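Everything on this sheet refers to the single structure shown next.
The structure displayed is predicted, hence computed values, not measured ones. These values consider heavy atoms only, across backbone and side chains, with no hydrogens, waters or symmetry-generated copies.
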Amino acid sequence: MSALIAPEGLPRPAVSADDAVRLAAEFYGVGTAQVKELGSQQDRNFRLTAADGSRQLLKISNPAFTRTEIEAQNAAMECLAAAGFATPLPQLSVNGEPVETTVLGGQEHRLRLLSYVEGTPVIDRPHLGPALRSALGDWLGRASTALAGLEHPGLDRSLQWDLRHGEEVVAALVPFVRAEWKQDLLLRTLERISSTLAPLKDQLPVQAVHGDLTDDNIVCTSGPRGSVELTGIIDFSDAMYSWRVAELAVGCSALFHHDPVNPLTVLPMIRAFHARAPLSDAEVRALWPLIVLRGAVLAVSGEHQVTIDAGNDYASDALDREWAMFEVPARSDWNAAEASIRAALGMELPSPPDTSAWLPLVPSLPVPAPVDFSWDSEEFSNGSWLDGAAEEERIFAEAAGAVLTRFGEARLTRAAVNSAEEPANTAIANRPARRRGGRRRAFRRPAGGGSRTGARRRPARNSEPADRVGAAAGRLSRGRDAASVRQGV
């Protein structure tokens, strides 16, 4: 197993709610009227409510983490607080210490009392509209810019969640994934991630990152007329040095379980981050593979955690969500995703491949003429695409020689109008079943399908105007829960 992951893993400290009340009184002189345990992957967090209603958070960190690492987390909180964010802040103990040490079960544990950031984690909102996704990206960019100047020895850590080690983590933990088909997809995807990232790694800037700026760890309140106002950042347990773009990849990954049929749901977040912290060409090239890698790390780590810590409901409840955070971007068209991101950022698109070298493979053929069967092809007129295969043969015949068609093209000639059968071109997503007249009907929207008689393309249902940049690059194919009770750092 990877040196990053101990064979026994990192189960949470064995601390009860009664222990938390006792420790708070002993080290911080705090009286507690109510105590509630909050979710955590590897630590223990307790929300303490005093008789006057004020709330604080007692955090007992996993014994695997050193005092220096805990102090670095405090430094990251203070850094973002100085930049205008509401964050938890360490409270001094009766001994005047921001970090205390106690012995539990024969092991030393670090504990802290932290101020409590009010608000509801964004993960509790089932729908994240473009404005909210953009606001989240803006916060990620602001936080990344603020943390860029932070230096602390405790940030230099070997952490399971550091995407610089993500490939190693996935390879080590994939045997814990119970479904064989999931293992196979993870391993095949890991090969592609490695080959794509290998030439880029040395070009990616490294700095201090929060490491887990997700919908779990950004809290919000409801504003006027149903608007959402972001109010604070929590959970600094993963603060470390890592690739700067990894901060964005982590944030993007958390969006897919809210909208699993739309891989380009991340575009507003990426645009807003880029406006605050401009991405380099290498970072843009690495972004989608890192988004996929983040999902893979979560998927295998979740399966591993429930194996070694069977009572961890927080980890087990997140398994399906974390799988979606991997599968959706992994099964999408990576090249189209990068092209969509570049178009959204106003960056130059990758040059198309030079196909001239292919011709000597068939030297007797003349230069092939390109043929376009897509929805906006100039080859069709007056509904001729409805003739299907016959229309394709007509176009081939008029080319009078060798022709070149595009691989994976969604052909309009394979779509039908007002048919009970789904078009046999390229489906981009399975949408939820729809009800009509009391009966449940499956609905699938194909790429390039739909009526073209009037040469007018109907917009996709549920698509956001801000997310349509991807159309220029081609349609895509489909592919930790604190909720309101998490305030871990």
Sequence neighbours excluded, the answer for side chain to side chain contact (heavy atoms under 4.5 Å, CB included) partners of T145 is A277
For A83 and A146 the tightest heavy-atom approach is CB-CB, 3.7 Å
The residue among T214, I218, V209, I270 that forms side-chain contact (heavy atoms from CB on, under 4.5 Å) with L140 is I218
Practice problem: Would you confirm whether H304, through its side chain, and A172, through its main-chain N or O, come within 3.5 Å as a donor-acceptor pair? | Solution: no
Taken to the nearest 0.5 Å, the spacing of Q73 CD from S237 OG works out to 5.0 Å
Residue set satisfying ring-ring contact (aromatic ring centres under 6.0 Å, His included) with F46, at least two apart, ordered chain then number -> none
Is there a donor-acceptor pair under 3.5 Å between the side chain of R110 and the backbone N or O of F65? yes
- request: Check whether any side-chain N or O of E100 sits under 3.5 Å from a backbone N or O of R112 as a donor-acceptor pair, and report yes or no.
  value: no
Checking R285 against Q203 for the side chain to side chain donor-acceptor pair (under 3.5 Å) test, could you report, in this order, the C-alpha distance in whole Å, the side-chain angles of both residues, the deciding distance, and whether it holds?
CA-CA 11 Å; R285 292 166 60 195; Q203 303 175 52; 4.7 Å; no
Residues pairing under salt bridge (Lys or Arg N to Asp or Glu O under 4.0 Å) where one sits in residues 70-83, two or more places apart or in two chains, turn out to be R67-E71
Rounded to the nearest 0.5 angstrom, the CD1-CG distance for I234 and D212 is 9.5 Å
The complete set of ring pair (Phe, Tyr, Trp, His ring centres under 6.0 Å) pairs with one or both residues in residues 182-202, sequence neighbours excluded, reads none
d(C252 SG, M325 CE) to nearest 0.5 Å is 10.5 Å
Residues pairing under salt bridge (Lys or Arg N to Asp or Glu O under 4.0 Å) where one sits in residues 146-156, two or more places apart or in two chains, turn out to be none
Here the salt bridge (Lys or Arg N to Asp or Glu O under 4.0 Å) pairs for residues 190-204, sequence neighbours left out, are E167-K201
The side chain to side chain donor-acceptor pair (under 3.5 Å) partners of W139 (sequence neighbours excluded) come to none
Residue set satisfying side chain to side chain donor-acceptor pair (under 3.5 Å) with E338, at least two apart, ordered chain then number -> R342
Those residues at least two apart in sequence (or on a different chain) that pass side chain to side chain donor-acceptor pair (under 3.5 Å) with T68 are none
Short question: side chain of S134, backbone of P130 - any donor-acceptor pair under 3.5 Å? no
For R157, the side chain to side chain donor-acceptor pair (under 3.5 Å) test, sequence neighbours excluded, returns E69
Separation between CG (L113) and CZ (F27), nearest 0.5 Å, reads 12.0 Å
Contacts satisfying ring pair (Phe, Tyr, Trp, His ring centres under 6.0 Å) that involve residues 187-220 (not counting sequence neighbours) are H210-F236
Salt bridge (Lys or Arg N to Asp or Glu O under 4.0 Å) pairs touching residues 172-187, sequence neighbours excluded, are R178-E303, D184-R188
Closest heavy-atom pair, P289 versus T196, reported as atoms and distance to 0.1 Å, is CG-CG2, 3.6 Å
